A.B. asks: 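Please read through the structure below; I'll follow up with questions.
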Amino acid sequence: MKKLAVLLVALFVAAPAFAGDNGILKLSLWDDIAVALPNNTQTVRGIDVGIGSNTNSIYGLQWDLLVSKAGELRGINEALAVAKINEGYGINGAWIYARSNRLYGLQSAIVDINDSHFGGAQFGIVNFAHGTLIGAQVGIYNQVEDLHGVQLGIVNNAHHITQGLQLGIVNIAKNGWFPVMVLVNGRF
């Protein structure tokens, strides 16, 4: 335990030497009310933890108790209630609600929403991809504008399938094999 404490103290003492204009540790109370080591609270290359945080860029881990928001993500954005990002690569997840504009990676919550382009997998009870999905949606209800991949759920709804497969009890796709199919629908 003493070795771990000494290592953490050494890391924080040496942080200014390699962090530049970025914070390596940010502790957030709410939104922009935060303290960061060594200096910048809007670009974090390390760990951002708190109750609710709002950060421009995360390169590492952002974990908050209630709400976690990031403009750009390269890593993990997690919260117990709500996790939001504008664009990024990595994981965007929460227990209740996860939202992204452009994401390449994994999105997981009870309700997942992607507003533009998604590459990867959405795992939730309800999944929405309002733009193009390249990958998979797994949930009870899945909805996508343009599908390039797989939907697995009880009800799957695709406005357009470019190339993909729907597996579920009810599968809706205007340009699928049939507009509504039971068990399987798709287009290749």
Side-chain angles (χ1 to χ4, degrees), residues 31 48-55 58-188:
D31 202 31
D48 177 359
V49 295
I51 296 172
S53 69
N54 186 2
T55 305
I58 295 290
Y59 302 93
L61 171 66
Q62 182 181 34
W63 188 91
D64 289 287
L65 191 60
L66 296 177
V67 178
S68 184
K69 292 189 235 176
E72 180 183 2
L73 171 72
R74 300 287 186 269
I76 300 171
N77 164 260
E78 288 281 333
L80 290 180
V82 176
K84 293 181 176 183
I85 65 165
N86 185 33
E87 66 178 64
Y89 295 87
I91 298 171
N92 170 234
W95 280 98
I96 299 170
Y97 178 75
R99 186 166 202 144
S100 63
N101 185 40
R102 182 179 296 268
L103 176 64
Y104 300 94
L106 171 67
Q107 189 174 47
S108 181
I110 290 173
V111 176
D112 297 317
I113 297 176
N114 180 270
D115 293 320
S116 177
H117 186 81
F118 187 86
Q122 283 184 317
F123 289 99
I125 293 176
V126 177
N127 300 305
F128 293 100
H130 295 299
T132 300
L133 170 78
I134 300 172
Q137 286 183 317
V138 179
I140 292 174
Y141 178 79
N142 300 306
Q143 181 175 317
V144 66
E145 185 69 28
D146 185 22
L147 178 63
H148 300 256
V150 176
Q151 288 182 311
L152 177 62
I154 294 178
V155 176
N156 299 307
N157 186 356
H159 183 264
H160 179 79
I161 298 176
T162 300
Q163 186 173 8
L165 191 63
Q166 296 175 309
L167 301 167
I169 295 175
V170 177
N171 301 294
I172 303 162
K174 292 179 182 177
N175 72 328
W177 294 317
F178 290 98
V180 178
M181 288 279 291
V182 177
L183 299 180
V184 167
N185 201 2
R187 183 179 175 130
F188 293 98

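This one's a predicted model, so the numbers in the text were calculated from it and none came from an experiment.
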A.B. asks: In chain order, what residues pass the side chain to side chain contact (heavy atoms under 4.5 Å, CB included) check against Lys84, with sequence neighbours excluded?
C.D. replies: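 With neighbours one apart ignored, the set is Lys69, Val82, Tyr97, Arg99.
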
A.B. asks: Nearest heavy-atom pair of Gly90 and Leu103: which atoms, and what distance?
C.D. replies: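 So the two residues come closest at O-CD1, 4.0 Å.
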
A.B. asks: Who are the side chain to side chain contact (heavy atoms under 4.5 Å, CB included) partners of His160, not counting sequence neighbours?
C.D. replies: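 For His160, the residues satisfying side chain to side chain contact (heavy atoms under 4.5 Å, CB included) (neighbours in sequence not counted) are Asp146, Thr162, Asn175.
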
A.B. asks: Please round to the nearest 0.5 Å and tell me the distance separating atom CG of Asn157 and atom CD1 of Ile172.
C.D. replies: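 If I round to the nearest 0.5 Å, the distance is 4.5 Å.
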
A.B. asks: Do you know which two heavy atoms are closest between Ala79 and Leu66, and how far apart they sit?
C.D. replies: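 Smallest heavy-atom distance, with atoms named: CB-O, 3.7 Å.
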
A.B. asks: Under 3.5 Å, is there a donor on one side chain and an acceptor on the other for Asp112 and Gln122?
C.D. replies: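 No donor-acceptor contact under 3.5 Å links the two side chains.
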
A.B. asks: Check Gly186 against Ile161 and note the closest heavy-atom contact, atom names and distance.
C.D. replies: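 Result for this residue pair: CA-CD1, 4.0 Å.
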
A.B. asks: Of all heavy-atom pairs between Ala94 and Ala81, which one has the smallest distance, and what is that distance?
C.D. replies: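 Taking every non-hydrogen atom into account, CB-O, 3.5 Å.
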
A.B. asks: Mind checking ring pair (Phe, Tyr, Trp, His ring centres under 6.0 Å) for Tyr104 and listing every partner two or more places apart, or none if nothing turns up?
C.D. replies: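 For Tyr104 the ring pair (Phe, Tyr, Trp, His ring centres under 6.0 Å) partners, ignoring immediate neighbours, are Tyr89, His117.
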
A.B. asks: Give every residue pair that meets the salt bridge (charged side-chain N to carboxylate O under 4.0 Å, His left out) criterion with at least one member in residues 155-172, sequence neighbours excluded.
C.D. replies: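 Applying salt bridge (charged side-chain N to carboxylate O under 4.0 Å, His left out) to every pair that reaches into residues 155-172, excluding sequence neighbours, yields nothing.
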
A.B. asks: For Trp177, give me all partners under side chain to side chain contact (heavy atoms under 4.5 Å, CB included), at least two apart in sequence or on another chain.
C.D. replies: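 Testing Trp177 for side chain to side chain contact (heavy atoms under 4.5 Å, CB included), a comparison that skips the adjacent residues, returns Leu165, Val184, Asn185, Phe188.
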
A.B. asks: What residues form a side chain to side chain contact (heavy atoms under 4.5 Å, CB included) with Val155, not counting sequence neighbours?
C.D. replies: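 Result, side chain to side chain contact (heavy atoms under 4.5 Å, CB included) vs Val155: Tyr141, Val170.
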
